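Reckoned from all heavy atoms, side chains included, excluding hydrogens, waters and symmetry mates. Everything numeric here is computed off the predicted structure, so don't read it as measured data.
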Amino acid sequence: MESPTENLIKLQGQLESITYENKENDYLVAKVRVRGYEEPVTIVGNIPSPIPGEILYMSGEWYTHPKFGEQFKVIFCSCFVPSSELGIEKYLGSGLIKGIGPVMAKRIVQVFGVKTLDVIEKSIEKLLQIEGMGYHRIEMIRATWAEQKEIRSVMVLLQSNGVSSAYASKIYRKYGNRSIEIIRRNPYQLLHDISGIGFFTADQIAQKLGFDEKSPLRAAAGIMYLLCKSVEEGNIYCDLEELIPKAKNMLNVDEEILEIALKSLLAEDEVVIESLENNHSIVYGIFLSGYHLAETQTAQMLKTIRDSTKNTQELCANRSLKYAQKKLSIALAEKQIEAVQAALTNKLLVITGGPGTGKTTIIKAIFEIFSSITDKILLAAPTGRAAKRLAETIGESASPKENHPHEKQTFCKAKTIHRLLEFDPVSYSFKLNENNQLECDLIILDEASMIDAMLMHHLLKAIPARTTLILVGDINQLPSVGAGTVLKDIISSQAFKVVELNEIFRQEQQSSIILNAHKIISGQCPEIDNNENSDFYFLPEDDQSKVLEKILLLVKERISQKFGYDPLNDIQVLTPMNRGIVGTIKINEALQDTLNPDGFELTYGGRRYRIGDKVMQTRNNYSKNVFNGDIGFISDIDPENLTLTVDIDGNSIVYEYADLDELTLAYAVSIHKSQGSEYSVVVMPLVMAHYIMLQRNLLYTGITRGKKLVIVVGSKKALHIAVSNNKITTRNTWLRERLKS
């Protein structure tokens, strides 16, 4: 039988450097030193995370890129440990072995040459001859080298089945020496246990290991994959009649196999099927069990809070209003008075409205009234920046005045919901729950539109029934990143008191940001006069490359020169998408070179990290106590131990080399990631290449992140499309109906 590489060109060379790498699909662009070629050869293709210095045996074909010239497209590739001194030095200095960085690798190879790897394997104590090498570092190297030996066997299995070696260390950390045994027994277990491995990767492994395509185990994994994918799209449940044909088509199996798989999933409490009746039509909804529990208990707990009796000292509403207005030296408007009175008479209240409608003043007034009654007040928000802003709104403390000695003194800092509930990374659960509840009489929860179904469930479990719960949010913003539409469902159920604010206050009418935000959400194009005193500008430009040039000039020079804002701390670029010329990836690379071009850098996955870089955490990491969307600055890089330190809100967080996939540059972030944050200045590209994302609520969310100045650069046509497109994807939730019943 003809080999698949028979008719392909073969190249052998040493990996010089990685220019670009996508960890999601292993696609990379790299330079390889090939014998017979004066300059390094540019290779492109899907190669499972090779290490600089390794020897690559490649099969592929040459082609000419219209912009970058001649490249070698890799179709098959094998990676081997290098045998030359230069190769070994690159190999050891790449981050493979903890305790050996580029400097130490050079010293070791200078002494032991091509025998270096044998020395580490068989006579590691000889490394004590090397300057700067001590017993502690040798033990670190010994442990890491031993771990690498175990990982290599896992890598062989994974790479032979087309899986990136980037996941090998994660698999080994999870399963240890039983890694291969577990993968062979049930490759679909990887779906549950290893972050980043999806169904199709696990399925590919399963098929190469000889798993039967008609296996109910495979069918069950496929159904769970479709349900999880639906949850990622924001849905709490799937219509069973829609799910079965999708699963049948994806898996190429008969319905009888799917029925067997469904029965096993039901028996193992992995899923719940519920008959959902609405307007005399019935849908059979299939839920992941955790989401079904979260939704049903959330509905029950919300109604329990609403219907329980207040135990805080009752005050006359008029007297309380007078007290709050005097304390804050303000006169409340009619809607604000309604909201404050509702907080005194309802256990659960929703306050919703856009920017400039007085939400902040209402929160202050409610806080002042309750703080004269109780010191058990908690403030919370979904993100760190939103919590910080809420704390600034209230002030660090509400202190008694000298002529009111009987007033209570309330010290109240706002926290993220995760920190409020004290997440424990060891047990992977919240310490505060139904058995250990929060001690509070009032909770004010800001940016409530961002709270997804699962987080709301955990929060409500920790709230005593006696507590007054006030949810504050803007339902015109983008929905939560996680599944559900909790705030929207609570409001539309009409089961709770809701105060909707729609009047822009006179002092806010001077802001073009606020006026234009309200125009956009009502379907009108923003008013663009670009006068010198405005805080909202639109700079027309259709060419994406020129849009990028203008953004770089604005951030680096023009905004700071005209308005005095700091490019790093005050200005945030927000963009609808990650890909493209004016997506987050390209803008971040350009702004990094513009604002922070020099200094020592650490490279990971094609990304460069430098001291002083602005970076964002991209997923919740409970062991580090950092969360998706947290922004900080790189304060230190250790080239020997390959660690990186980030300052996030005054806390120094150390990242190991393997953890760097959790960090991304944050000179530019997506509008979705900006939810719950406010920035002094927002610069936003808006072009026709963003067509799929040009939606009214996305544009509205981006603009309302700007506190003092918003500059939109892009196409007028794209702006008109975004304003006109009010089509919001409906999410499958049943919370509203549960609250109404």
Side-chain angles (χ1 to χ4, degrees), residues 385 512-513 516 526 528 530 532 534-599 601 607-616 629-634 646-648 663-675 677-687 689-690 693 698-699 701-715 718-719:
R385 284 178 172 257
S512 295
I513 297 173
N516 283 331
I528 302 165
N530 288 353
E532 197 167 306
S534 179
D535 58 5
F536 183 96
Y537 294 86
F538 181 85
L539 307 182
E541 180 56 68
D542 293 328
D543 187 307
Q544 288 188 73
S545 298
K546 291 181 179 177
V547 169
L548 179 58
E549 289 174 9
K550 286 187 176 181
I551 288 173
L552 297 180
L553 186 61
L554 283 166
V555 175
K556 183 183 180 182
E557 297 176 8
R558 292 184 61 186
I559 293 174
S560 57
Q561 288 172 358
K562 182 174 175 59
F563 300 99
Y565 292 113
D566 179 69
L568 282 174
N569 294 298
D570 298 330
I571 302 172
Q572 184 62 58
V573 177
L574 302 180
T575 179
M577 297 181 73
N578 292 319
R579 303 291 174 190
I581 295 174
V582 285
T584 59
I585 297 170
K586 291 291 185 186
I587 297 177
N588 270 318
E589 290 173 354
L591 281 174
Q592 181 188 45
D593 288 337
T594 300
L595 299 177
N596 191 29
D598 302 316
E601 64 181 38
R607 291 196 297 266
R608 298 166 299 162
Y609 298 98
R610 297 174 183 149
I611 293 176
D613 273 340
K614 187 178 186 180
V615 291
M616 173 185 279
D630 284 353
I631 288 180
F633 292 88
I634 297 175
V646 180
D647 186 283
I648 299 177
L663 277 183
T664 186
L665 294 176
Y667 299 100
V669 301
S670 70
I671 295 173
H672 280 88
K673 288 282 189 185
S674 74
Q675 288 184 86
S677 298
E678 266 189 1
Y679 314 97
S680 294
V681 181
V682 162
V683 178
M684 187 191 312
L686 202 68
V687 296
H690 295 154
M693 299 297 292
L698 184 122
L699 177 61
T701 300
I703 285 173
T704 53
R705 301 308 90 205
K707 194 174 179 182
K708 297 177 180 176
L709 180 64
V710 170
I711 302 175
V712 180
V713 186
S715 158
L719 178 64

Donor-acceptor pair, [X] side chain versus [Y] backbone, under 3.5 Å?
| X | Y | value |
| --- | --- | --- |
| S674 | S677 | no |
| Y679 | L709 | no |
| N588 | T584 | yes |

Any chance you could measure [X], atom [atom1], to [Y], atom [atom2], to the nearest 0.5 Å?
| X | Y | atom1 | atom2 | value |
| --- | --- | --- | --- | --- |
| L595 | D613 | CG | CG | 9.5 Å |
| L552 | L591 | CG | CG | 5.5 Å |
| N530 | S512 | CG | OG | 9.5 Å |
| F563 | I571 | CZ | CD1 | 10.0 Å |
| R705 | Q675 | CZ | CD | 7.5 Å |
| L665 | I631 | CG | CD1 | 11.5 Å |

* To do: Please assess M693 against H672 for the test side-chain contact (heavy atoms from CB on, under 4.5 Å), listing each intermediate value before the final yes or no.
  => CA-CA 11 Å; M693 299 297 292; H672 280 88; 3.4 Å; yes

* Asked: What's the verdict on side-chain contact (heavy atoms from CB on, under 4.5 Å) for S670 and L574, showing C-alpha distance, side-chain angles and the deciding distance?
  -> CA-CA 5 Å; S670 70; L574 302 180; over 6 Å; no

Report yes if the side chains of [X] and [Y] come closer than 4.5 Å at any heavy-atom pair, otherwise no.
| X | Y | result |
| --- | --- | --- |
| M684 | V713 | no |
| V573 | V555 | yes |
| I671 | T575 | no |
| D535 | K708 | no |
| D570 | I559 | no |
| V615 | T664 | no |
| I528 | L719 | yes |
| S560 | D566 | no |

Using residues 537-548 as the side-chain source, report each donor-acceptor pair under 3.5 Å to any protein atom, sequence neighbours left out, with the distance given to one decimal.
unit_1: Y537; atom_1: OH; unit_2: N531; atom_2: O; d: 3.1
unit_1: Y537; atom_1: OH; unit_2: E532; atom_2: O; d: 3.2
unit_1: Y537; atom_1: OH; unit_2: S534; atom_2: O; d: 3.3
unit_1: E541; atom_1: OE2; unit_2: D543; atom_2: N; d: 3.1
unit_1: D543; atom_1: OD1; unit_2: S545; atom_2: N; d: 2.8
unit_1: D543; atom_1: OD1; unit_2: K546; atom_2: N; d: 3.3

Would you name the heavy atoms of [X] and [Y] that are closest together and state the gap between them?
| X | Y | value |
| --- | --- | --- |
| I587 | A668 | CG2-CB, 3.6 Å |
| N516 | F536 | ND2-CD2, 3.2 Å |
| P576 | P685 | CD-O, 3.5 Å |

* Distance-only side-chain donor-acceptor flag, K614 / Q572, under 3.5 Å -> yes

* Pairing of D630 and K673 as salt bridge, 4.0 angstrom limit -> no

* Asked: Among K586, R610, K556, which one satisfies salt bridge (Lys or Arg N to Asp or Glu O under 4.0 Å) with D593?
  -> R610

* Yes or no on side-chain contact (heavy atoms from CB on, under 4.5 Å) for F633 and L568, after CA distance, side-chain angles and deciding distance? -> CA-CA 10 Å; F633 292 88; L568 282 174; 4.2 Å; yes

